[in-house]
Amino acid sequence: MGELVVTEFVTLDGVAQAPGQPDEDRAGGFAHGGWQAPLVDHETGEAMFAQARSMDALLLGRRTYEIFAGYWPTAPAEIPFTALLNRVPKYVASRTLNEPLGWAGSTLLGDLAEEVAELKDRYDALHVIGSLDLVQSLLRLRVVDRLHLWLYPLTLGAGKRLFAEGTMPAAFRLTESVGHPNGTLQLTYEAAGRPTYGNLAA
């Protein structure tokens, strides 16, 4: 069975909403869109692509799919992600979209639990980027195998958080930690079952 790998860009206070563009996601009156952009440099960009290049297929939620579908099909060819994201099969979890989907190679999913299991059987590396609501569902289903977290040195105080209310108790094992000169931390965690508990007062 293949791995389901989640990549998220997160502030120190856990906000993962609209990292790339000012108008990416204004839900809840979010006024900090594009917070990641000033902190992406050549070094971190290369590291992000090195992580992503193992991708055999991409799984997205509706909002992230619409953002990606509006940009990547006509994105500059010199951006390494352009060829990768346009080439790989894309699967979309949505209750509101209808097929055919506009981005070539995109397929709408039905039952999430059943179809994600099938996708993990079919592909060695099924990646998820952004898609915060979808990630919560995948964590509840306990099908996430690895987290690529990019932790940025800023706080926003408001916005959608990666680990929001409803997050299931789970344990993770840190397998890689890289600090970049711009203050960004590149962290990789593998799923490690459920939390264990003790008593420090004993």
Min side-chain heavy-atom separation [X]-[Y] under 4.5 Å:
X	Y	result
V92	L109	no
F172	L147	yes
D124	D56	yes
Q51	T188	yes

N-O pairing of [X] and [Y] below 4.0 Å:
X	Y	value
D145	K120	yes
D133	R62	no
K160	D25	yes

Without hydrogens or angle criteria, can the side chains of [X] and [Y] be said to hold a donor-acceptor pair below 3.5 Å?
X	Y	answer
W103	E66	no
T167	Q136	yes
Y91	Y65	no

Of all residues at least two apart in sequence or in a different chain, which pass the salt bridge (Lys or Arg N to Asp or Glu O under 4.0 Å) check with [X]?
X	value
K90	none
E190	R173
E8	none

Side chain to side chain contact (heavy atoms under 4.5 Å, CB included) involving P153 - partner list, sequence neighbours excluded: L39, T184

[X] side chain to [Y] backbone, donor-acceptor under 3.5 Å:
X	Y	answer
T64	G61	no
E176	L187	no
Q186	H148	no
R146	V144	no
S131	V135	no

Applying side-chain hydrogen bond (donor to acceptor under 3.5 Å, both in side chains), can you list everything that pairs with Q21, at least two apart in sequence or on another chain?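 Partners of Q21 under the side-chain hydrogen bond (donor to acceptor under 3.5 Å, both in side chains) test: none.
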
Once side-chain hydrogen bond (donor to acceptor under 3.5 Å, both in side chains) is applied, do any residues pair with R142, and if so which ones, sequence neighbours excluded?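 side-chain hydrogen bond (donor to acceptor under 3.5 Å, both in side chains) list for R142, sorted by chain: empty.
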
Which class fits the ring pair W150 and H180: parallel under 30°, tilted 30 to 60°, perpendicular over 60°?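 Answer is parallel, since the angle falls under 30°.
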
